[in-house]
Each structure stands twice: as C-alpha cells, then as structure tokens.
Amino acid sequence: MVVQLVAPRLMLMGGGSVAKLGEVLGQLGLAKPLVVTDPFMVSSGLVEQALAPLRAAGMAPVVFSETVPDPTDTVIEAGVAVLRAGDFDCLIGFGGGSPMDTAKAMTILAAAQPGTPIRAFKVPAAANAAALPVICVPTTAGTGSEATRFTVITDTERDEKMLIAGLGALPLAAVVDHELTFGLPKRITADTGIDSLTHALEAFVSKRANPVADDYARSAMRLIAPNLRRVWADPKDAAAREAMMRGATLAGLAFSNSSVALVHGMSRPVGAHFHVPHGMSNAMLLPAVTRFGLEAGRARYAEAARIMGVATEAEGDQAACAKLVEALVSWNRDLEVPTPAGFGIAAAAWEAVLPTMAAQALASGSPGNNPRVPTAEEIVALYREVYAG
Ligand SMILES: [Fe+2]
C-alpha cells in the first residue's frame, strides 16, 4: 500500500508559541504578511497576539478582517482584490476555521485567471496551485484547518457549502497555541471540540483510512474524548485546553490524509441552508450517522470506543459499538447540543429542503467514504431521524 502524506512544512505547537510568529515567517523567508481575520478578533484585541510579534520582527502587517462565519465566495473575491492591490508575500489566517479557510481560498483564487469563480475549484477539481503561502494560527480547537488540504466555501448563488481540496489549500506553516482558546465561549468550545472528534472518528472509519492517518486519528481521539467535558466545565483548564488543541490539529492531519465521511457530507448542507455552526450541525448528526454505519464498520467503531475510553478492552465489538453511540448521545446532552428543531428550524422548512440537502451531501463525495454508503433516501431518513431527536 502506498500512502501519500501531506502536512505543513513547519508547525509550532505549545503555550505561548504565537509570540514566535515573526520568527516563523523569518525562517520561511517571508516578511510581508496580509493577516486574514474576522471583526471579533479585531474588536476583542486578540489579533494583537499575532500583530505584535510580527511588528517586533520589523514587519508591517496589513489586516483584512472582513471574513464571516461560513466564508462566502463574495468575501473571498473581496479578499483577493485586497491581496492583488498590495505587496504581500504571504497570508496569515488568524482565528477559527472561517478566517483560515478564507485565507486558503484567497490564495487558491489569486493563482487563477482573474474572473475565475471559486466554484471552479470545488471537488472533484484539484486545487493544487496557490499564489502565496499561507500560515495558519487557529484560535479554536477546532477545525484542524491549520493542518489540512481542505477549505470549505459557501456558494452564495446556490446556497451550497463547497468542499475545495488540494495542495493549494495546505498551509506552509501553522502556529498552534492553546492559550489563544482560553477566552472562547462555552458554546464555541463545545461545537469546535465535537467537530475535532468527528474529524478523528470519520478519518478512522473512512474507506480511505490508512495506517498513517490511523495513528493521527487514534492520538486525536485519545486526547479529545476525555477532555470535551473538562473544557466545557472549566474554560481555563489549561491541561485540557492543551490536549484539545493538540487533538484538533492531529485530527486535522488524520482527515487530511484520510477523509471525512457521512457526518460532514450531511452537515455542510445543514450549515448552508440553516446557518447552524459547523461543529454543532456535526454534533446533531453524529450519533445517528454513527449508528447507521456500525454494521459495516463494527471493528473500527469498536476500537474507537476503546480508544476514547468509553468501552473496555474486555468488551466485545457489539457492546463497544453500543457504548460509543451512548457516549456520543450523552456528550451532546451534557454539552447542550440542540436538535435542528431545538435550534429553531421549522419542520416545514426542514422537510422542504431534504431532497436538495441529500443531493448536495452525495455530490460532495464525503458519503462515499463512509463505511456504509447511503442512498439519497437513506440520507433523507437520517435527516428526519435527527430533526427532533
Ligand atoms: Fe469539520
């Protein structure tokens, strides 16, 4: 078996590492960064954590702070206009998944002929070219985007969250500092944490799993599962925050070198149509989609349950799988994850888009990596099952 492994060229990990951002650029021979972030990072002052070390290294960083949650094609185009108008040699994605994914999509689009829509790069296209290198600094644990060859951008004309994949989306470097997550609200902590766990689990059960991605996934599940409730209960629990951050990055490496699967395939349309935060829509789907796949991936799901510490070595695969689903349900309850109905989505509105959401899920390719590959009808049934819990 030949495994292709992709990862950033340089990753700095640990508390306080963001202070070395200027040195990291220096090592890479970069000096003219455009910092891509969101308005909250600016208003809260958190972006100074990135700007100060850059200035201390003699650089004059420019800030593009118009990124939005679930970044859109229009924001990417605005960002590329800023990029083309200035004299930059790299992009720094600073924030949660949205600013990082925005920076990645900007560099992909900037490498294309002017006038090319970002839609031209959605899978199955290969987005391998990039205009400038991207350095990612995540402030959540997290999408793992700092370590992946993916970016997800919303097509505003078609209400579709597009998966864009290729070497162009792979950051050159990442600075992963868990101290940046100490101030995260509980809701974001929970949603992003479950997103990370979903990345690791989906990479592990994927049809595209391989021994290298498996090792990342195992490490990530071991770090994330016991710490989800801890960071929820005490946002300042430094050891738990550190474990979650390392777990999120390792989970990113896992799915970047394997894949995500049915949860993510079904989650993107929920985000696109109803603006449910990405990690939360994953969490809404995770128990039911896991139960759906068990019969086809029993040994893998059982091992995942043991790694997460929710089943013992002594328990057989059948029992371990049941414990896994129980644990996923109880984490959702403890972390106060709503159902789509509880989130405020009207039953008629949900029902009306189910065929579209199922078609978009299948078109993304992610369901095809699931241990049990669903039909469109089965996807619709799963959406119905999770609607009111
Ligand atoms: Fe995700």
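Not measured: the values here are computed from a predicted model. Indexing begins at 1, ligand by ligand and atom by atom, following the structure's order.
In this structure D101 satisfies the salt bridge (charged side-chain N to carboxylate O under 4.0 Å, His left out) test with no other residue, sequence neighbours excluded.
Residues R119 and D73 are not paired through a salt bridge, judged by the lack of any N-O separation under 4.0 Å between the basic side chain and the carboxylate.
Ordered by chain and number, D195 OD1, H199 NE2, H264 NE2, H278 NE2 make up the set of protein N, O or S atoms under 2.8 Å of the Fe ion (ligand 1).
In summary, the side chains of D191 and H278 do not present any donor paired with an acceptor at a separation below 3.5 Å, with no hydrogens or angles considered.
Side-chain contact check for T151 versus I108: some heavy-atom pair is nearer than 4.5 Å. R241 is not listed as a side-chain neighbour of K236, based on a closest heavy-atom distance of 4.5 Å or more.
Under the 6.0 Å distance and 45° angle rule, R372 counts as a cation-pi partner of F292.
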